[in-house]
Undergrad: 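Before anything else, here's the structure in question.
A, B, ... follow the sequence lines: proteins, then strands. Residue 1 opens every chain. Values below: all heavy atoms of this structure, side chains included; hydrogens, waters and symmetry mates excluded. A quick note: this is a predicted structure, and the numbers were derived from the prediction, not measured.
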Amino acid sequence: MKVDKNHVIKCLRQIAVLLELKNENIFKVRAFTNAARILEGHPKDLAALVETGELEKIKGIGSGHISRIIHELYDRGESKDLDELSREFPASLFDLFQIPGLGAKRIKVLYEKLGIKSVGELEYACQENRLLELEGFGARSQEKIVQGIQQLKKSAGHYLIHVAAEESKRLATYLKKQKGILKIEVAGSIRRAKEVIKDIDILVSAKNPATVHEAFVHYPETESVIAHGDTKSSIVLKSGIQCDLRTVREDEFPYALYYFTGSKEHNVAVRTFAKKKGIKINEYGLFRGSRRIVCKDEADIFEKLGFHPIPPEARENTGELELAAKREFPKLIEEKDVRGIFHVHTADSDGLVSLDEMIDAAEQAGFEYIGVSDHSQSAGYANGLEPKRLRLQWKRIDALQKRHKIRIFKGIESDILPDGKLDYSDSILAEFDFVIGAVHSRFNMSEKEMTQRILRAMGNRYFTFFGHPTGRLLLGREGYAVDLVKIIDAAKKANVIMEINANPHRLDLDWRMCQYAKKQGVLMSINPDAHSLDGLNDVKYGVGTARKGWLESGDVLNTFPAAQVEKILKRRR
DNA sequence: GCCGTTTTCGGCCCGACTGTTTTCAGTCG
């Protein structure tokens, strides 16, 4: 039996959680979490590791209990240990971990003392003030839990772009294999590269629509079927994402694609524009009276309406139509414009792969340069580098540079300390090619204090990039309070580069603020913030964000050749 | 549970914050 690596990783994490609930030794718990993380970051697939015996040699997995469990999972898809542990606690307890402030200890108390097994039961217990009777809980924590549940409900049914995009790709691949498919596209918010997705829209034209709908509702990943017709069907996938399939005639495809790509706001605005010209738009065509205006593709539709074509990412009705009507719409940055990457972590701090592997992978991916930036010394939780280890890393980079064509820039992701200082003395900072300043602590400062903190840090001449400017985690955590307009204005003055953190959990700077930053003439950079080899692929999501922010290649540092980048990095010194 | 080695068992990241306490436990990054 061939088992998905992700399944094994998930099981190891579940074992860790269950052991924690059982009050097991925390280091034992961590051993499982570590093993999951190590496996996740390992470039080789599971079959190769298991069958060559390489698995047992991996540091952190070893030849004991954990590797036995992995073998078991690989062979049978299940594990005796996990099954036995699972029997001790209801599966719905896992959901409670998503509520901020609740960890294994307190969840165990809730379960054992109040019999709470699910988020719904917890919410009810809070309404009844039942938590107040528990030791270690008070009015304040009950209130915070209620808030956490509200937040959870708000993000329920929402998915990060990478999750939805991967799901849609698999589904589209499956549908493409059906007979008689003429055209197929993923439309909707995924096509527009929105940072958070509610559902997947797939558009198909086919010779035999009914059989495509039949195949659709029988997709192996289907959890339930909401609707099953000859032009429209809806299913819910096992991952929880709702997915709609629309089929149209081949000659209707461009209109339908435009219609189902949205956004709704863009569509309303474009219909209003068109109406003034006596043209009606719907998913089946452009019509003047009852006569259809023939368009061969979306670009053609825009042209027939008198607009410069607008890329899907920019269709949010934030002024794109006005610009396109004047034929001034910018030529947006593309993934192929990206020449190099900054903000990459290695195993020297909290990355999953070694410096050597990261450099190799970036070079093989065709990047001209890479900016390595591990965490700085205050980031104890992330194994941040104190000067001694920093110097060792520099030595290794120098040695690697001799063997590699890719230009390696030495950098750091320096914590911006609460008082606005950077995390090393200026004499050390001067030795870096670049410094990414970022906030990782004391998120709860007032907006005024936080803004001052960051502005002060930006005043340091070695401060090159401002990393993940709001600290938000999409669907997870609001960003800290900060006056971004002030920060961006200051970045312009001080020649600081604003990061577009391309990790799909962040996508920070937000695309809406990219538009502002571009207007102010601030240079930006699409940074993967990669902690693994997979993380290098996140660049595409950053490009999506940049395109939503109307950025052109000239607005983005890492589309420039290495020599020019080198000059820009030195411009504050 | 894994690692490293002082080869038989101790160490494993740790400081800040929060809410509950009255000196600390749990959570988080």
Undergrad: For the side chain of A:Ile66, counting heavy atoms from C-beta on, which of B:dG26, B:dC2, B:dC12 is nearest?
TA: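 Between B:dG26, B:dC2, B:dC12, the one nearest the side chain of A:Ile66 would be B:dC2.
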Undergrad: Using 30° and 60° as the class boundaries, would you call the ring planes of A:Phe434 and A:Phe409 parallel, tilted or perpendicular?
TA: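 If you compare the ring of A:Phe434 with that of A:Phe409, the planes turn out perpendicular.
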Undergrad: What is the distance, rounded to the nearest whole Å, between atom CZ of A:Phe443 and atom P of B:dT27?
TA: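 It is 19 Å, rounded to the nearest whole Å.
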Undergrad: Among B:dT18, B:dG1, B:dG26, find the nucleotide with the atom closest to the side chain of A:Arg106.
TA: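 The answer is B:dG26, which lies nearest to the side chain.
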Undergrad: Examine B:dG1: is either OP1 or OP2 under 4.0 Å from a nitrogen or oxygen in the side chain of A:Arg68? Give yes or no.
TA: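 No, because none of the side-chain N or O atoms of A:Arg68 sits under 4.0 Å from OP1 or OP2 of B:dG1.
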Undergrad: Distance check, P atoms only: B:dT23 and B:dC28, in whole angstrom units.
TA: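 Per the computed distance, 26 Å lies between those P atoms.
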Undergrad: Rounding to the closest angstrom, what is the interatomic distance between B:dT20 and B:dC24 at atom C1'?
TA: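 So the two C1' atoms sit 9 Å from each other.
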Undergrad: Heavy atom of residues 140-148 of chain A under 4.0 Å from DNA chain B: which residues?
TA: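 Only A:Arg140, A:Ser141, A:Lys144 qualify.
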Undergrad: Would you kindly give the CG-to-P distance between A:Leu102 and B:dT18, to the nearest whole Å?
TA: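 Going from CG in A:Leu102 over to P in B:dT18 covers 17 Å.
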Undergrad: Could you check whether any side-chain N or O of A:Lys117 sits under 3.5 Å from a backbone N or O of A:Ser92, counting only pairs where one atom can act as donor and the other as acceptor?
TA: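 Side chain of A:Lys117 to backbone of A:Ser92, a donor-acceptor pair under 3.5 Å: no, none is there.
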Undergrad: Please compare A:Glu135 and A:Gly62 by the position of their nearest nucleotide in DNA chain B and report the one closer to 5'.
TA: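 The residue whose closest nucleotide sits nearer the 5' end is A:Gly62.
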Undergrad: Is there a side-chain contact between A:His65 and the phosphate of B:dG1, meaning an N or O under 4.0 Å from OP1 or OP2?
TA: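 So the side-chain polar atoms of A:His65 do come within 4.0 Å of the phosphate oxygens OP1 or OP2 of B:dG1, strictly under.
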Undergrad: Rounded off to whole Å, could you give me the CD1-to-C1' distance for the A:Ile416 and B:dG29 pair?
TA: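 That distance rounds to 16 Å.
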Undergrad: In whole angstrom, give the distance that lies between atom CZ of A:Arg389 and atom P of B:dC13.
TA: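 Nearest whole value for this atom pair: 12 Å.
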Undergrad: Atom NZ of A:Lys59 and atom C1' of B:dC12: how far apart are they, to the nearest Å?
TA: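 So the NZ-C1' distance, A:Lys59 to B:dC12, works out to 11 Å.
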Undergrad: For the residue pair A:Asp538 / A:His162, report whether a side-chain donor-acceptor contact shorter than 3.5 Å exists.
TA: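 Their side chains do not contain a donor-acceptor pair, so the 3.5 Å distance test is not met.
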Undergrad: Just name whichever nucleotide pairs with B:dT8, Watson-Crick or G-U, keeping both distances under 3.5 Å, else none.
TA: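 WC or wobble partner does not exist here.
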Undergrad: What integer number of Å spans the P atoms of B:dT21 and B:dT27?
TA: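 Rounded to whole Å, the distance is 15 Å.
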Undergrad: Any side-chain donor paired with an acceptor under 3.5 Å for A:Asp374 and A:Thr346?
TA: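 Distance-only check passes for A:Asp374 and A:Thr346.
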Undergrad: Write down the distance separating the P atoms in B:dC14 and B:dT22, rounded off to the nearest Å.
TA: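 It works out to 29 Å between them.
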Undergrad: Expressed as a whole number of Å, how far does the P atom of B:dG11 sit from that of B:dT18?
TA: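 The same atom, P, in both gives a distance of 32 Å.
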Undergrad: Take atom CG of A:Asn383 and atom P of B:dC13, then tell me their distance rounded to the nearest Å.
TA: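 Atom-to-atom, A:Asn383 to B:dC13, this comes out as 9 Å.
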Undergrad: How far does the C1' atom of B:dG10 sit from the matching atom of B:dA16, given to the nearest Å?
TA: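 My reading of the C1' atoms in B:dG10 and B:dA16 gives 27 Å.
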Undergrad: With P as the reference atom in both, quote the distance from B:dC13 to B:dG19 in angstrom, rounded to an integer.
TA: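 Straight-line distance between the two P atoms is 28 Å.
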Undergrad: Just checking A:Trp511 against A:Tyr516, ring centres under 6.0 Å apart?
TA: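 When the ring centroids of A:Trp511 and A:Tyr516 are compared, they turn out to be at least 6.0 Å apart.
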Undergrad: Any chance the rings of A:His468 and A:His440 have centres within less than 6.0 Å?
TA: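 Yes, the ring centres sit under 6.0 Å apart.
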Undergrad: Could you tell me whether A:Asn34 contacts a base, only the sugar-phosphate backbone, or nothing, with contacts defined as non-hydrogen atoms closer than 4.0 Å?
TA: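 The answer is nothing, as A:Asn34 stays clear of every strand by at least 4.0 Å.
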Undergrad: Parallel under 30°, tilted from 30 to 60°, perpendicular over 60°: which one fits the rings of A:His345 and A:His531?
TA: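 A:His345 vs A:His531 ring planes: parallel.
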Undergrad: Between A:Tyr369 and A:Phe342, what is the ring plane arrangement, given parallel below 30°, perpendicular above 60°, and tilted in between?
TA: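 The rings of A:Tyr369 and A:Phe342 sit tilted, inter-plane angle from 30° to 60°.
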Undergrad: A:Tyr462 ring centre to A:Arg572 NZ or CZ under 6.0 Å, with the angle to the axis within 45°?
TA: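 Output no; distance or angle outside limits.
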Undergrad: Of A:Pro100 and A:Lys28, whose closest DNA chain B nucleotide lies nearer the 5' terminus?
TA: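 By nearest-heavy-atom nucleotide position, the 5'-most residue is A:Lys28.
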Undergrad: B:dG1 C1' sits how many Å from A:Leu18 CG, rounded?
TA: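 To the nearest whole Å, that distance equals 16 Å.
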Undergrad: When rounded to the nearest Å, what value does the distance between C1' atoms of B:dC3 and B:dG15 take?
TA: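 Taking atom C1' in both B:dC3 and B:dG15, they lie 25 Å apart.
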Undergrad: Between atom NZ in A:Lys105 and atom C1' in B:dG26, what is the gap in whole Å?
TA: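 Those two atoms, NZ and C1', are 7 Å apart.
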